[in-house]
Amino acid sequence: MPVTVTIATLAGAVLAQMPGLSAEQRLSLQLLQDMQAWRARQCLDDWADAFCDAQGEDASPNARLIAMIFELAQVNLYTLFDAGRARHALRAVHAALTDAGYAVPRDLDVSCW
């Protein structure tokens with residue numbers, strides 16, 4: 001499963017379950033879901049900028065969980081792909097989401113783009 005599919009899966013799960021989403025949080029999650037399309041157009045720099053603009057200065061617990069998904073997406077964004085580092089980040093995001101009460105699939109993979 002490519003990283004982009006894992007990011008979309010996590011964002012979709014949170015989008016479906018997170019109560020009280022602000023418009024900015026909803027947009028942030030939708031951008032995460034669309035990462036694969038931005039990658040296909042070779043526009044991941046623009047995608048990252050759009051996410052940061054949408055996220056803004058929100059420091060709420062919801063925003064922090066959403067930011068963790070983005071941080072997972074960024075692990076290999078500007079460097080040589082490191083599957084071990086990506087798996088470590090995925091475990092941290094998965095733990096944070098499940099600890100917060102979100103049901104997210106366990107069979108996610110970040111071994112390739």
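Each residue takes its place number in the sequence, starting with 1.
Residues A54 and L27 approach most closely at CB-CD2, 3.7 Å, considering heavy atoms. Here the closest non-hydrogen pair linking A86 and N76 is CB-ND2, 3.6 Å. Heavy atoms only, all atoms of each residue included: T9 and P105 are closest at CG2-CG, 3.8 Å.
Contacts of A92 classified as side chain to side chain contact (heavy atoms under 4.5 Å, CB included), with partners at least two apart in sequence or in another chain: none. Legend: residues meeting side-chain hydrogen bond (donor to acceptor under 3.5 Å, both in side chains) with R64, ordered by chain and number and at least two apart, are E71. Residues meeting the side chain to side chain contact (heavy atoms under 4.5 Å, CB included) test with E24, sequence neighbours left out: S22. Listed by chain and residue number, F70 satisfy the ring-ring contact (aromatic ring centres under 6.0 Å, His included) test with F51 (two or more places apart in sequence, or in another chain).
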**Q.** From CA spacing to verdict: side-chain contact (heavy atoms from CB on, under 4.5 Å), F81, V75
**A.** CA-CA 8 Å; F81 194 87; V75 164; over 6 Å; no

(Q) Checking V3 against T6 for the side-chain contact (heavy atoms from CB on, under 4.5 Å) test, could you report, in this order, the C-alpha distance in whole Å, the side-chain angles of both residues, the deciding distance, and whether it holds? (A) CA-CA 5 Å; V3 168; T6 293; 5.6 Å; no

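Within the structure, side chain to side chain donor-acceptor pair (under 3.5 Å) contacts touching residues 77-91 (residues at least two apart or in different chains) are D45-Y78. For residues 47-59, the set of pairs meeting the side chain to side chain donor-acceptor pair (under 3.5 Å) definition, not counting sequence neighbours, comprises Q25-D58, S28-Q55, D58-S60.
To the nearest 0.5 Å, the span separating CG on L21 from CD1 on I66 amounts to 6.0 Å. The structure places CG of L29 at 11.5 Å from CD1 of I7, a figure rounded to the nearest 0.5 Å. How far CG of L31 is from CG of D46: 11.5 Å, rounded to the nearest 0.5 Å. Note that NE2 of H94 is 10.0 Å distant from CG of D99, once rounded to the nearest 0.5 Å.
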Distance-only criterion, 3.5 Å: show the donor-acceptor pairs between side-chain atoms of residues 34-42 and protein atoms not counting sequence neighbours.
none

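Among the candidates D109, I69, L10, the single residue satisfying the side-chain contact (heavy atoms from CB on, under 4.5 Å) test with L90 is L10.
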